[in-house]
Amino acid sequence: MRLFAALFPDDGAVRELERAVRPLRRQDERDTRGVRWTPVAGWHLTLAFYGEVPDELVPELRQRLAAVATAGSTLILRLAGGGRFGDRALWAGVDGDTEPLTALATAARATGTALGLLPDERPGYVPHLTVALARRGARTALAPYAERLDAFAGRPWAAGELVLVRSETGPDGSRYSTEASWPLGGGAGG
C-alpha cells in the first residue's frame with residue numbers, strides 16, 4: 001500500500017487557507033486552467049513519503065511511528081506565506097514550532113530509511129502544505145500564485161497527532177484514508 005506520515009491542520013486553519021486560495025483558483029480558471037488544485041479535504045503537512053510499502057513491513061512501520069509520536073509533543077503551528085517548488089508545486093508555508101516539526105519529520109523519515117523504504121540521503125525538510133500542482137504538459141508559471149499567497153497569515157493551531165495515511169491514486173487524483181494515528185507525546189492511538 002502507498003503510505004506517508006503527516007500532520008493535518010485543524011478545520012479553522014483549513015478554512016482560512018481555503019479563503020486565501022479561492023481567488024487564485026478563480027484566476028487560474030480565467031487564465032489557463034494549467035494548475036491542478038489539491039482537494040481541500042486532503043490538505044496536510046507531509047512528514048515522510050514512504051511510497052509503496054510491502055504488507056509485511058506495515059506492522060513494523062506502525063510500531064516505529066508510534067515511538068516517534070511518543071517522543072514528540074504537541075506543536076503550535078500556523079499556515080503562513082506561500083512558495084513553490086519550481087513550476088511543479090504551489091504551497092502554503094508553515095510558521096511556529098518549525099524546529100520540533102523538522103525534528104519530527106526527520107524521525108519519520110529515519111523510520112522509512114531504517115525499513116529500507118527511503119534512501120539514506122534526502123534533501124532537507126521544507127515545512128509546507130501543497131495547494132496546487134502543475135498539470136502535466138502545462139506551462140503555468142507558479143511564481144505569481146506564490147507571490148499572491150505570500151501575504152497570507154493564518155491563526156495558530158495545535159498539531160497533536162501523527163497520522164499514517166494511505167494514498168490511493170485514481171483518475172480524479174489521490175484519495176486519503178487513515179491507516180493509523182498516534183497522539184504526539186504519547187497516549188492511546190491506533
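Because the structure is a prediction, the values reported are computed rather than measured. Worth knowing before you read on, the calculation uses all heavy atoms, side chains too, and leaves out hydrogens, waters and symmetry mates.
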Between [atom1] on residue [X] and [atom2] on residue [Y], distance to nearest 0.5 Å:
X: L79; Y: H128; atom1: CG; atom2: NE2; answer: 11.5 Å
X: M1; Y: R166; atom1: CE; atom2: CZ; answer: 4.0 Å
X: T106; Y: L104; atom1: OG1; atom2: CG; answer: 8.5 Å
X: L115; Y: L65; atom1: CG; atom2: CG; answer: 8.5 Å
X: T130; Y: R36; atom1: OG1; atom2: CZ; answer: 10.0 Å
X: W37; Y: L90; atom1: CH2; atom2: CG; answer: 5.5 Å

Contacts of [X] that satisfy side chain to side chain donor-acceptor pair (under 3.5 Å) - sequence neighbours left out:
X: T46; answer: H44
X: R64; answer: E60
X: T113; answer: R122
X: E16; answer: none

Can you confirm whether [X] sits close enough to [Y] that some side-chain heavy atom of one is under 4.5 Å from a side-chain heavy atom of the other?
X: L77; Y: L101; answer: yes
X: V53; Y: R2; answer: no
X: L129; Y: V94; answer: no
X: T178; Y: V165; answer: no
X: L164; Y: Y50; answer: yes
X: R148; Y: P23; answer: yes
X: T70; Y: L184; answer: no
X: W182; Y: R62; answer: yes

Testing the basics here: between [X] and [Y], what is the closest heavy-atom pair and its distance to 0.1 Å?
X: S177; Y: E168; result: OG-OE2, 4.4 Å
X: A20; Y: L149; result: CB-CD1, 4.2 Å
X: P144; Y: A141; result: CD-O, 3.4 Å
X: A13; Y: W157; result: CB-CD1, 3.4 Å
X: S167; Y: Y176; result: OG-CE2, 3.6 Å
X: A108; Y: A5; result: CB-CB, 4.2 Å

ask   = Do L24 and L17 belong to the same hydrophobic cluster, where Ile, Leu, Val, Met, Phe, Trp and Tyr are linked whenever their side-chain heavy atoms lie under 4.5 Å apart, directly or via other members?
value =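 L24 clusters together with L17.
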request  = Please answer: with hydrophobic residues joined when any side-chain heavy atoms are less than 4.5 Å apart, are L57 and L118 in the same cluster?
outcome  =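 Yes; tracing contacts between hydrophobic side chains, which count when under 4.5 Å, links both residues.
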Aromatic ring pairing F85/W91, orientation class (parallel under 30°, perpendicular over 60°, tilted between) =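 Aromatic pair F85/W91 classed tilted.
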Got a sec, which residues hit salt bridge (Lys or Arg N to Asp or Glu O under 4.0 Å) with [X], two or more places apart in sequence or on another chain?
X: R84; answer: D87
X: R155; answer: D10
X: E147; answer: none
X: D150; answer: none

request  = Would you list the pairs meeting salt bridge (charged side-chain N to carboxylate O under 4.0 Å, His left out) in which at least one residue belongs to residues 46-59, sequence neighbours left out?
outcome  =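 Output for this query is empty, none listed.
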Check whether [X] reaches the backbone of [Y] with its side chain - one donor and one acceptor, N or O, closer than 3.5 Å.
X: T111; Y: A107; result: yes
X: D95; Y: R78; result: no
X: T38; Y: V131; result: yes

message = Among residues at least two apart in sequence or on other chains, which ones pass side chain to side chain contact (heavy atoms under 4.5 Å, CB included) with V14?
response =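 Counting only residues at least two positions away or on another chain, V14 forms a side chain to side chain contact (heavy atoms under 4.5 Å, CB included) with P9, V40, W43.
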task = Just do the side chain to side chain contact (heavy atoms under 4.5 Å, CB included) check on V35 and L133 with the steps written out, would you?
result = CA-CA 6 Å; V35 175; L133 300 167; over 6 Å; no
task = Just jot down the ring-ring contact (aromatic ring centres under 6.0 Å, His included) partners of Y125, sequence neighbours excluded, or say none.
result =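 Partners of Y125 by the ring-ring contact (aromatic ring centres under 6.0 Å, His included) criterion come out as none, since no residue qualifies.
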request  = Return the set of residues passing ring-ring contact (aromatic ring centres under 6.0 Å, His included) with F152 (not counting sequence neighbours), or none when no residue passes.
outcome  =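 For F152, no residue satisfies ring-ring contact (aromatic ring centres under 6.0 Å, His included) once neighbours in sequence are set aside.
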task = State whether the number of non-hydrogen atoms from other residues, nucleotides or ligands found under 6.0 Å of E18 atom CD is greater than 12.
result =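 Yes, the 6.0 Å shell around CD holds more than 12 heavy atoms from other groups.
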query = Does the side chain to side chain contact (heavy atoms under 4.5 Å, CB included) test come out yes or no for E179 and V58, once each step is laid out?
reply = CA-CA 10 Å; E179 183 66 23; V58 174; 4.3 Å; yes
